[in-house]
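Predicted, not measured: the structure shown is a model, and the values here were computed from it.
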Amino acid sequence: MNYKKENLILSMEQNKEAFSRLYEEIYADLYKMALYMMGNKEQAEDVVSETILDAFYGIGNLKSADKFEHWILKILTTKCKRAFKKRYSSFNVFHPDNVQWTDTFSVTSGNMEDQVLMTDILNAMSRLIAKDRIIISLCIVQGYSSFEAAQILSMNPATVRSRLNRSLARLKKDLEGKQNA
């Protein structure tokens with residue numbers, strides 16, 4: 001995540017203008033992360049909005065500027081988990097507003113092979129459980145180590161590594177099955 005540390009420090013001192021600048025600097029990264037986790041544009045926007053709101057009210061309690069990334073991502077992942085619980089606890093196949101994870105992405109750029117590959121990847125990702133998608137998003141998409149992802153998710157680093165490896169193996173198997181079909 002790229003942001004100016006001076007904006008963060010001023011935000012911790014309750015400077016609203018600095019928080020606004022900080023928000024502009026981190027929004028795209030938070031949105032991308034939420035989109036990978038939620039698989040739905042509107043829900044990702046909602047989760048990021050809730051995260052930013054919580055961050056705005058809680059940033060004064062942050063003890064160290066060095067902990068900011070972990071802190072904000074912890075808020076984001078918690079919001080995503082709650083949104084997943086809410087979405088799937090009320091799951092109803094007859095509800096017209098229920099949309100599959102892969103239906104929310106429109107692949108419009110690139111050649112046909114790229115579109116097919118992206119669709120296959122999204123379909124394979126949609127078959128993973130939410131926590132595994134979050135782990136893949138943190139470790140692969142955002143580049144966090146298993147230790148850092150474990151801190152964000154309040155998990156054991158070894159558990160993160162094993163879930164990541166199993167999830168990647170599932171994705172590989174699904175994608176190889178598509179190529180052979």
Side-chain angles (χ1 to χ4, degrees), residues 1-3 11 19-59 62 68-110 114-144 146 148-155 159-160 163-164 166-168 170-171 174-175:
M1 221 180 274
N2 294 322
Y3 55 90
S11 296
F19 187 85
S20 178
R21 291 189 300 271
L22 180 65
Y23 165 76
E24 290 173 8
E25 295 168 341
I26 65 173
Y27 176 82
D29 289 331
L30 292 176
Y31 175 74
K32 182 170 61 170
M33 187 73 180
L35 185 60
Y36 278 107
M37 286 189 263
M38 299 303 298
N40 179 292
K41 293 175 186 178
E42 291 80 19
Q43 287 180 336
E45 290 170 355
D46 289 346
V47 166
V48 171
S49 295
E50 291 174 16
T51 299
I52 293 297
L53 192 59
D54 282 4
F56 177 75
Y57 289 115
I59 199 161
L62 187 61
F68 173 72
E69 267 188 63
H70 291 285
W71 178 74
I72 194 87
L73 289 174
K74 180 75 172 176
I75 295 171
L76 181 72
T77 55
T78 300
K79 297 288 181 189
C80 287
K81 287 177 194 176
R82 286 185 187 149
F84 270 119
K85 283 181 184 177
K86 184 178 176 184
R87 178 165 73 179
Y88 290 115
S89 67
S90 62
F91 181 76
N92 180 349
V93 293
F94 299 109
H95 193 281
D97 292 333
N98 274 340
V99 179
Q100 291 296 320
W101 195 77
T102 56
D103 295 339
T104 61
F105 288 90
S106 60
V107 183
T108 57
S109 62
D114 290 343
Q115 292 178 11
V116 169
L117 178 60
M118 183 58 121
T119 302
D120 289 345
I121 291 170
L122 293 174
N123 279 326
M125 285 285 286
S126 72
R127 288 189 282 279
L128 296 175
I129 64 171
K131 185 162 273 197
D132 291 343
R133 284 199 301 259
I134 292 170
I135 290 171
I136 287 175
S137 296
L138 286 170
C139 295
I140 304 299
V141 177
Q142 293 293 322
Y144 286 98
S146 58
E148 292 169 324
Q151 285 182 322
I152 292 167
L153 298 171
S154 301
M155 294 174 68
T159 303
V160 169
R163 290 186 81 138
L164 177 63
R166 275 186 294 217
S167 298
L168 291 174
R170 275 190 214 117
L171 287 175
D174 279 357
L175 293 172

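- Residue C80 forms a side chain to side chain contact (heavy atoms under 4.5 Å, CB included) with just one option from R133, M33, K131, M37, and that option is M37.
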**OP:** Report the C-alpha separation of E25 and N2 in whole Å, then their side-chain angles, then the decisive distance to 0.1 Å, and conclude whether the side chain to side chain contact (heavy atoms under 4.5 Å, CB included) test is met.
**Re:** CA-CA 7 Å; E25 295 168 341; N2 294 322; over 6 Å; no
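- Here the shortest heavy-atom pairing between I72 and A55 reads CD1-CB, 3.4 Å.
- Shown here are the salt bridge (charged side-chain N to carboxylate O under 4.0 Å, His left out) partners of D29, two or more places apart in sequence or in another chain: there are none.
- To the nearest 0.5 angstrom, L128 atom CG is 5.0 Å from I136 atom CD1.
- The shortest non-hydrogen separation linking I134 to K81 is CD1-CG, 4.2 Å.
- Looking at residues two or more places apart in sequence or on another chain, you find a side chain to side chain contact (heavy atoms under 4.5 Å, CB included) between L53 and Y57.
- Here the straight-line distance linking atom CD1 of I140 with atom CG of L164 works out to 5.0 Å at 0.5 Å rounding.
- In this structure, L153 CG and T77 OG1 are separated by 5.0 Å, a value rounded to the nearest 0.5 Å.
- In this structure, I59 and L22 have side chains that are in contact, with non-hydrogen atoms separated by less than 4.5 Å.
- Listed by chain and residue number, nothing satisfies the side-chain hydrogen bond (donor to acceptor under 3.5 Å, both in side chains) test with S137 (two or more places apart in sequence, or in another chain).
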Subject >> Evaluation steps, side chain to side chain contact (heavy atoms under 4.5 Å, CB included), between S167 and I135 >> reply: CA-CA 9 Å; S167 298; I135 290 171; over 6 Å; no
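- Every residue meeting the side chain to side chain contact (heavy atoms under 4.5 Å, CB included) condition with Y27, not counting sequence neighbours, appears here in chain and number order: Y23, Y31, E45, V48.
- Taking the salt bridge (charged side-chain N to carboxylate O under 4.0 Å, His left out) definition, one finds that R21 meets it with nothing, sequence neighbours left out.
- Partners of T159 by side chain to side chain contact (heavy atoms under 4.5 Å, CB included), not counting sequence neighbours, listed by chain and number: M155, N156, R163.
- To the nearest 0.5 Å, atom OH of residue Y36 and atom CE of residue M125 are 8.0 Å apart.
- Not a single ring-ring contact (aromatic ring centres under 6.0 Å, His included) links Y144 to another residue, sequence neighbours left out.
- The salt bridge (Lys or Arg N to Asp or Glu O under 4.0 Å) pairs that include a residue from residues 47-59 are D54-K79, where partners are two or more places apart or lie in different chains.
- Residues passing the salt bridge (charged side-chain N to carboxylate O under 4.0 Å, His left out) test with R166: none are found, sequence neighbours excluded.
- When every heavy atom of L30 is checked against every heavy atom of L76, the shortest pair comes out as O-CD2, 3.8 Å.
- For the side-chain hydrogen bond (donor to acceptor under 3.5 Å, both in side chains) test, no residue two or more places apart in sequence or in another chain qualifies with T78.
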Original post:
Are I26 and I52 close enough, and set up right, to give a side chain to side chain contact (heavy atoms under 4.5 Å, CB included), and what steps lead you there?
Top reply: CA-CA 10 Å; I26 65 173; I52 293 297; 4.2 Å; yes
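- With sequence neighbours excluded, no residue forms a side-chain hydrogen bond (donor to acceptor under 3.5 Å, both in side chains) with K32.
- Judged as a salt bridge (charged side-chain N to carboxylate O under 4.0 Å, His left out), and not counting sequence neighbours, D46 has no contacts.
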